[in-house]
Amino acid sequence: MRIIFLGTPEFALPSLQKLLSSHHKILAVVTQKDKETNRKGEIVFPPVKSLALKHGLKVLQYDNISNEGVCALKQLDADIMITVAYGQILSQELLNLTKYGTINVHSSLLPKYRGASPMQAALLNGDDETGVSIMQTVLEMDAGDILNVEKMSISNKTTLKDVHDILSDLGATALLKTLDEIEDGTVKRLAQDETKATHTKKINKQDGIINWARPAKEILRQINAMNPWPGAFTFLNGKIIKILNADVIDPRNFKSALDLHLYNDGTCFVFPHNICIKTGDGILGVSCVQLEGKKPLTALEIFNGGLIKSETTLG
RNA sequence: CGCGGGGUAGAGCAAUGGUAGCUUGUCGGGCUCAUAACCCGAAGGUUGUAGGUUCGAGUCCUACCCCCGCAA
């Protein structure tokens, strides 16, 4: 098949990579505009652009693809367009451009979690599984027919990065399978059950702030869902502390004569292998944190350096 | 030149310009039914790099390298 590939971040790389080593032909790669700064003020290419250039592919970048891209893309005479986390909404005109329309790789089990943060939503809600759906793109966000699905399981140790890495890989596999099925006409189209549709909003920095009055289990979900970005974080002396790794601790196993009710939510007790923090309903044992300006440190390293003292309150 | 924190023993941190220490880890020894326990001892450093100021620099000045948080 003659393909136009639209994608931007790392999540799209496995898909592009697999397409490159398949029999399909990539006519062009469309990606978001370059970002202007890293810490040194250098220009940074979207990951997809870097990979595309490395393989000598034609790269197109638009502020608004629906306004600017139609003409150029039409001339490529592609069979299908593929979007993997591209980052822009496609107009109906674009969707009609190719014989097989556009298919999209979406990282949830549709119709659950349409929208911008499907992987985070699955983690925040404590689901025990999530997955990736290959779907026909229609004008309404993530509402088209489902063509293929791959699932993965979630544990209380699974982070956003884990889900991201696994689903980007599963997505690539499912994408190739779907392309083959479209090509030989065996693809099955399953309409979404609109009554079960849920939507997710884009995650921003604020979503990382920890409210210690909430139950330990929910804070743990937040920690995993925000790792690595934006990171679940709290404050100590006005400085940000990211919580990278934690576990719920049964208060009955909390070996301390302290009466927890005497302390505020967010009060921490530093032990060599755990920083125990009081939450709304118990104890969260934190094993890895990152202080502002520091590398990630284990609880033992925090303890050795005396960086956080017992009975101080975070938040 | 976007803002800011940092680089000291394997690791994490201290040290008004005046003998580079602490916790932990490692190695050796001791105690214990036992240990994330305790006691004794040892090794481990050109303080990121290059200059400068000074009787004397981890500390002050200049340039550079590297790591990280924010912002994007």
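In the text below, chain A, chain B and the rest are named by the order of the sequence lines, each starting its count at 1. Side chains included, hydrogens not; waters and symmetry mates left out as well; all remaining heavy atoms used. For clarity, every value in this text was computed on a predicted model and none was experimentally measured.
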Visitor: Distance-only, no hydrogens or angles: does the Asn64(A) side chain make a donor-acceptor pair with backbone N or O of Ser66(A) under 3.5 Å?
Guide: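 Yes: the side chain of Asn64(A) pairs with the backbone of Ser66(A).
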Visitor: Please report the distance, rounded to the nearest Å, between NZ in Lys205(A) and P in A71(B).
Guide: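 Those two atoms, NZ and P, are 5 Å apart.
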Visitor: Quick check for you: among C67(B), U23(B), C13(B), whose closest atom lies nearest to any side-chain atom of Lys295(A)?
Guide: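 Out of C67(B), U23(B), C13(B), the nucleotide with an atom closest to Lys295(A)'s side chain is C67(B).
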Visitor: Suppose we define a pair by two distances each less than 3.5 Å, Watson-Crick or G-U wobble; what does C70(B) pair with here?
Guide: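 Matched C70(B) with G2(B) under the 3.5 Å cut-off.
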Visitor: Under 4.0 Å between a side-chain nitrogen and a carboxylate oxygen: does that hold for Lys278(A) and Asp265(A)?
Guide: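 Salt bridge flag = yes for Asp265(A) with Lys278(A).
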Visitor: Is Glu194(A) paired with Arg114(A) through a side-chain N to carboxylate O contact shorter than 4.0 Å?
Guide: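 Glu194(A) and Arg114(A): salt-bridged.
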Visitor: Can you tell me how far P of G5(B) sits from CZ of Phe235(A), to the nearest Å?
Guide: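 Roughly 18 Å, once rounded to whole Å.
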Visitor: Can you see if the side chain of Lys242(A) gets near the phosphate of C70(B) - specifically, an N or O under 4.0 Å from OP1 or OP2?
Guide: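 Indeed, a polar side-chain atom of Lys242(A) lies that close.
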Visitor: Specify the separation, in whole Å, of atom CD1 of Ile308(A) and atom C1' of U23(B).
Guide: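 Going from CD1 in Ile308(A) over to C1' in U23(B) covers 15 Å.
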Visitor: If I take atom CD in residue Gln290(A) and atom P in nucleotide C68(B), what distance separates them, rounded to the nearest angstrom?
Guide: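 Roughly 9 Å, once rounded to whole Å.
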Visitor: When you compare G29(B) with G5(B), how far apart are their P atoms, in angstrom units rounded to a whole number?
Guide: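 Per the computed distance, 48 Å lies between those P atoms.
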Visitor: Return the value, rounded to whole Å, for the distance between atom CG of Leu297(A) and atom C1' of G10(B).
Guide: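 Interatomic distance, CG of Leu297(A) to C1' of G10(B): 15 Å.
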Visitor: Using heavy-atom distances to pick each residue's nearest nucleotide on RNA chain B, tell me which of Asn274(A) and Glu292(A) is more 5'.
Guide: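 Here Asn274(A) is the residue nearer the 5' end.
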Visitor: Have a look at Leu307(A) and say if it touches a base, only the backbone sugar-phosphate, or nothing, with a 4.0 Å heavy-atom cut-off.
Guide: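 Leu307(A): backbone/sugar contact only, no base atoms under 4.0 Å.
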Visitor: Classify the side chain of Arg39(A) versus the base of G2(B) as yes if they form a donor-acceptor pair under 3.5 Å and no if they do not.
Guide: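 Absent.
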Visitor: If you measure from the Lys or Arg side-chain nitrogens to the Asp or Glu carboxylate oxygens, is any gap between Lys188(A) and Glu181(A) under 4.0 Å?
Guide: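 Here Lys188(A) does not pair with Glu181(A) in a salt bridge, since their nearest N and O are not under 4.0 Å apart.
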Visitor: Quick one: which of C70(B), A36(B), G12(B) gets closest to the side chain of His273(A)?
Guide: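 For His273(A), the side-chain atoms sit closest to A36(B).
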Visitor: Could Lys201(A) and Asp207(A) be called an ion pair, given the rule that one side-chain N must be under 4.0 Å from one carboxylate O?
Guide: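 A salt bridge is absent here (no side-chain N lies under 4.0 Å from a carboxylate O).
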Visitor: Let me spell it out: for each of Lys35(A) and Glu301(A), pick the nucleotide of RNA chain B with the closest heavy atom. Which residue's pick is nearer the 5' end?
Guide: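 Counting from the 5' end, the first nearest nucleotide belongs to Glu301(A).
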Visitor: Given G4(B), is OP1 or OP2 found less than 4.0 Å from the side-chain N or O atoms of Lys239(A)?
Guide: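 For G4(B), OP1/OP2 do not have a side-chain N/O of Lys239(A) under 4.0 Å.
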